[in-house]
Structures are given as C-alpha cells and as structure tokens.
Amino acid sequence: MKMNFSAIIIAVAVVGGVGLFLGIFLGIASIVFKVDVDEREEAVLGVLPGNNCGGCGFPGCSGLAAAIAKGEAAVNACPVGGEAVGKKVAAIMGVEAGETVRMTAFVKCAGDCNKTTQNYAYTGVEDCSMVKYVPDGGAKSCNYGCLGYGNCVKACPFGAISVQNGIAVVDKEKCKACGKCIAACPKGLIELIPYNAKTVVACSSKDKGPVTMKACQSGCIGCSLCVKVCPEGAITVTDFHAHIDQSKCMGCGACKEKCPKKAIQDFAS
C-alpha cells in the first residue's frame, strides 16, 4: 500500500491551522473578556482567616474581600479575625479600623436536667429541628427550653459548643461569633452578646409566672423586680420575660441579687 503523502500533509496543515486559529481566538478573548481584579481585594483576601463561615453576611471570605475593596463592607467586618485582622485590612485599605467589639454566642436557657422535668419519654429522632414538631415542642417541661440534641454543636465550625446536662453551653473563648449556631437553633435560644458582658438572663420563656415556675426552677417569671432595681435602666420585661440591654448594663449585679428565681446570672468569665 502506497502512503498518500499529500493527504497527510493536508491533514497536518488543517489540524495546525485549526490549532493556530483557536490559539489566536483564545488569546484575543482573554484580552477582551479580562476581568480586572483590585489588588487590594486580593491583599485583603490574603489576610482574612479563610474559614468561609459566612458570619460577616457575605458568601465566604472572597465575597467579603470584594465588598471591602468596593467600600461596601467595613474593614473590621470579619467576626472570626476580630480586631487583629481588622487592623490588617484597614492598613491595606488605608483607613482607620475603628473600635471592634468582640462578640460571643450565648444560649438563653439554664433549664438543665436538674431544673426541669420530662413530660414523657421521647424515643424518636434526636434532632432539634424534628423534635420541635412533636407534642408540646419536645418532652421537656419547658416548651421554650433547650432541647439538648446538639444541632448547634454540629453547626459550630469551631467546636465552641457542647451539650452539658441537657442544655447547650458555649465556650466563649472558642466562639468566633459566626452565627451558625443561631441559625441552627429551631427555638431561637441563641444570640450574640458582647464577650465582656457581665450579667445575662438565662431564660427564654414567655409563659406567665405560674406556668414558668412549674416548668423550670430557674425560669424568668416576669416579676419586673430586676427592672426596679437597675440603676441604669438596662432591663425591660416583655411577654413575661426580662431582657438586658448590654450597651447600658454596668454589671453592678443588683438585678441578679434581686431575681427571686435566679434566672439572671453572671456571664461566665
């Protein structure tokens, strides 16, 4: 069989021509469609912690970096990096970092196994999101209390939460205030408060006093005695439940001493 060299040469030429055309086309396309990236954005992304937790309100660290570079987010918006990262980002952006208040998650419930009872024996799926749909919102005597099945534990990327004696407890030294536990709690028991808060209301019950007293030994009964003794006007009672405005609280402890049910407690140091 004679080899047809003309056909081979033509085939090589065609393939080479197509390759050359594609190379030129891609080269031009890369120039035409080039997306300019702000060097500051890349620099900011380089100092962010890279946890991609979403606690800043943006889709990951890259989203926050882009927002900071565009002036759409504060330089100290990263809750995980805190003040140290905020200062680095501020230096890159050429602005002042401003004051950063360290926050931490707090579970508004002290109704552990010693202070509450079980209305019935629950043997279903141990998942807080599922249990809230069973009769009375769970077997625990307090319908507002922590279910203790650890959805928040699973959601925390920093290992800052554990279930102790039936309720979730936050280790504020490990907490980065990313907010994932808040989203994971179906009963809305978790909130962010200042790391240096002195006094907290460890209850979320909105039942009237007599009902709360039957459900939990340390539940807030909405008596308003704490409101009357607070010298800073930091406490209000709504729906039979006391709330402390941490921006006003001076940590004098008067409310804690006056609370007849000991629902107001020192915030663990």
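Here the structure is a predicted model, which means the values were calculated and not measured.
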Would a 4.5 Å heavy-atom cut-off, applied to side chains only, mark [X] and [Y] as touching?
{"X": "Ile167", "Y": "Lys140", "result": "yes"}
{"X": "Met103", "Y": "Pro194", "result": "yes"}
{"X": "Ile244", "Y": "Phe267", "result": "no"}
{"X": "Thr104", "Y": "Ile193", "result": "yes"}
{"X": "His243", "Y": "Thr238", "result": "no"}

Requested in this report: Is it possible for you to check whether Lys172 lies under 6.0 Å from the centre of the six-membered ring of Tyr195, through NZ or CZ, and within 45° of that ring's axis?
Outcome: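 Lys172 over Tyr195 ring: yes.
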Where is the tightest heavy-atom contact between [X] and [Y], given as atom of each residue plus distance?
{"X": "Ala97", "Y": "Val75", "answer": "CA-CG2, 3.9 Å"}
{"X": "Ser62", "Y": "Asn52", "answer": "N-OD1, 4.4 Å"}
{"X": "Cys53", "Y": "Cys178", "answer": "SG-CB, 3.6 Å"}
{"X": "Ala168", "Y": "Ile161", "answer": "CB-CG2, 4.0 Å"}

Requested in this report: Output every pair passing ring pair (Phe, Tyr, Trp, His ring centres under 6.0 Å) with a member in residues 48-73, not counting sequence neighbours, ordered by first then second residue.
Outcome: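 Not a single pair qualifies under ring pair (Phe, Tyr, Trp, His ring centres under 6.0 Å).
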Query - Under 3.5 Å donor-acceptor, Asp112 side chain and Lys115 backbone - result: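 Checked: pair present.
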Query - Main-chain N/O of Tyr144 paired to Ser204 side chain as donor or acceptor, under 3.5 Å - result: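 Side chain of Ser204 to backbone of Tyr144, a donor-acceptor pair under 3.5 Å: no, none is there.
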Requested in this report: Indicate whether the side chain of Asn151 and that of Ser129 have a donor and an acceptor atom separated by less than 3.5 Å.
Outcome: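 The criterion, which ignores hydrogens and geometry beyond distance, is satisfied for Ser129 and Asn151.
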Within 6.0 angstrom of [X] [atom1], more than 12 heavy atoms from elsewhere:
{"X": "Lys261", "atom1": "NZ", "value": "yes"}
{"X": "Met93", "atom1": "CE", "value": "yes"}
{"X": "Tyr133", "atom1": "OH", "value": "no"}
{"X": "Glu72", "atom1": "CD", "value": "yes"}

Working to the nearest 0.5 angstrom, can you tell me the gap between [X] [atom1] and [Y] [atom2]?
{"X": "Gln118", "Y": "Ser141", "atom1": "CD", "atom2": "OG", "answer": "7.5 Å"}
{"X": "Glu41", "Y": "Leu64", "atom1": "CD", "atom2": "CG", "answer": "10.0 Å"}
{"X": "Lys206", "Y": "Asn143", "atom1": "NZ", "atom2": "CG", "answer": "13.5 Å"}
{"X": "Asn76", "Y": "Glu99", "atom1": "CG", "atom2": "CD", "answer": "9.5 Å"}
{"X": "Phe158", "Y": "Lys180", "atom1": "CZ", "atom2": "NZ", "answer": "8.5 Å"}
{"X": "Asp239", "Y": "Cys220", "atom1": "CG", "atom2": "SG", "answer": "11.0 Å"}

Query raised in the report: With sequence neighbours left out, which residue pairs that include part of residues 207-232 fulfil the side chain to side chain donor-acceptor pair (under 3.5 Å) condition?
Result: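 Qualifying pairs: Ser205-Thr212.
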